[in-house]
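Read the numbers this way: they start at 1 and go in the same order the structure lists the ligands and their atoms.
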Amino acid sequence: MNTQHAERPTSPTQAHAPILRVQGLTKRFHPDFPPVVENVGFTVEQGEVFALLGPSGCGKTTTLRLIAGFEQPESGQVWLEGREITRLPAEERGIGFVFQDYALFPHLSVFENVAFGLRRLRGKVRQARVLEVLGLVGLTVFKDRKPGELSGGQQQRVALARAIAPGPKLVLLDEPFSSLDAALRQATRDEVRALLKQAGIGAILVTHDQEEALSFADRLAVMRSGQLEQVGTPEEVYHRPRTPFVAQFLGRTNLIPGEARGLEAETPLGRILLSEEAHGAVLLSLRPEGLGLAMPLGHLGISGKQLEGTVLAREFKGHDMTYRVQLGNRELIVQESPESPFRPGDKVRVLVRAKAVVVGRGQ
Ligand SMILES: Nc1ncnc2c1ncn2[C@@H]1O[C@H](COP(=O)(O)OP(=O)(O)OP(=O)(O)O)[C@@H](O)[C@H]1O
């Protein structure tokens, strides 16, 4: 999986204060039910693109609405540039918001839609700012069109232009790409990220799409049942998941029990290396690309100890071949090169090619 991004800052901890700090945020809609957001805390640095990633219903949108001021928390605080804004009305926070459905006014032109966010400005100053922002998002030629006369991606850029026109230091993006088709989604996402970076605006993207979060964000928080499970760079959360949930939510993985002794562990796959030291019963994550398949030794006329499994299914994906392999009473996902020759029913030797990551304590 490609988790590289050329413009990503080298370190998330920069010299200046974070643009946003959220601490102990808790929200309950019903007194008899558990909170939908519970003790959530994270920071967003100036100009940083941050993502809140998690399955449907885990509380991402509610967290965003608490930051925007559309909802009030039961406890916890929100600071913007060092100033506490927890109880400040939404319109006084100076935070931009882009909704999933864009929420553009269909009867207003592109120009008027963007100008709507600039009600405090008058006359020529307002006009100049609208044109400046439309230039930034590359929509100047469409300024007199109505939203209905634009493509989904263009409408998305109008929504973004409207959100950034007042010059916020932070914009909140609630699943803004979800109604675009796959090809347009990728292109619009890249454009929006480049725009935010160019304008130096910090952003929080809410998404349930792990690939989107990994490719769009400088850092991301993985959320589950109202709580943050892990916060880190895409590389950190993908390669060093801290919990089984994070390992499984960010792509496919194999969860394997083991008995750790320092930098290695005894497992049903034999003795395997660990990415960091651990002791005792552990649960390990091994990505499909960390496993491999080869001909069984017997087929090669060699005798010896090996992990022999049977191919259950194969899935050709162009850039790789993914297998499901039965090994004893365990089913493994193995990623191989696209020309890998095995077919369902074939006996195969399972190879462990990477270090495993400890994602929890074992039984
Ligand atoms: N106004 C409300 N009143 C009562 N319950 C609500 C309200 N808003 C959200 N919820 C509940 O809070 C939980 C979290 O919802 P939220 O929209 O924050 O999740 P989400 O992670 O953004 O999900 P999705 O990706 O589906 O939008 C859900 O169970 C939802 O039904």
Are a donor atom and an acceptor atom from the side chains of [X] and [Y] found within less than 3.5 Å of each other?
{"X": "Lys27", "Y": "Thr62", "value": "no"}
{"X": "Glu112", "Y": "His107", "value": "no"}
{"X": "Thr310", "Y": "Gln326", "value": "no"}

Would you say atom 16 (P) of ligand 1 has a protein heavy atom nearer than 4.0 Å?
yes
Sub-4.0 Å protein heavy atom next to atom 9 (C) of ligand 1
yes
So if I count the atoms of ligand 1 from 1 in the order they appear, which ones are less than 4.0 Å from some heavy atom of [X]?
{"X": "Lys60", "answer": "18 (O), 19 (O), 20 (P), 21 (O), 22 (O), 23 (O), 25 (O)"}
{"X": "Gly59", "answer": "14 (C), 16 (P), 18 (O), 19 (O), 20 (P), 21 (O)"}
{"X": "Pro55", "answer": "21 (O)"}
{"X": "Glu175", "answer": "25 (O)"}

Among Leu286, Leu327, Val325, which residue meets the side chain to side chain contact (heavy atoms under 4.5 Å, CB included) test with Val334?
Val325
Does the ring of Phe105 carry Arg162 above it, NZ/CZ under 6.0 angstrom from centre and within 45° of its axis?
yes
May I ask you to check if Arg287 and Tyr238 form a cation-pi contact, with NZ or CZ under 6.0 angstrom from the six-membered ring centre and within 45° of the axis?
yes
At what distance is the nearest protein heavy atom to [atom], and which residue and atom is it?
{"atom": "atom 18 (O) of ligand 1", "answer": "Thr62 OG1, 2.6 Å"}
{"atom": "atom 12 (O) of ligand 1", "answer": "Val36 CG1, 3.0 Å"}
{"atom": "atom 23 (O) of ligand 1", "answer": "Gly57 N, 2.7 Å"}

Does Cys58 have a heavy atom less than 4.0 Å from any atom of ligand 1?
yes
Any atom of ligand 1 sitting under 4.0 Å from a heavy atom of His30?
no
Under 3.5 Å, N or O to N or O, is Phe29 touching ligand 1 that way?
no
How are the rings of Phe249 and Phe245 set to each other: parallel, tilted or perpendicular (split at 30° and 60°)?
parallel
Look at Glu149 together with Lys146 and state whether they make a salt bridge at an N to O cut-off of under 4.0 Å.
no
Would you tell me which option among Gly226, Ser178, Ser56 has the nearest heavy-atom contact to atom 26 (O) of ligand 1?
Ser56
Roughly how far apart are Leu139 CG and Leu160 CG, rounded to 0.5 Å?
9.5 Å
Within reach of ligand 1, part of Thr61 (heavy-atom separation under 4.0 Å)
both
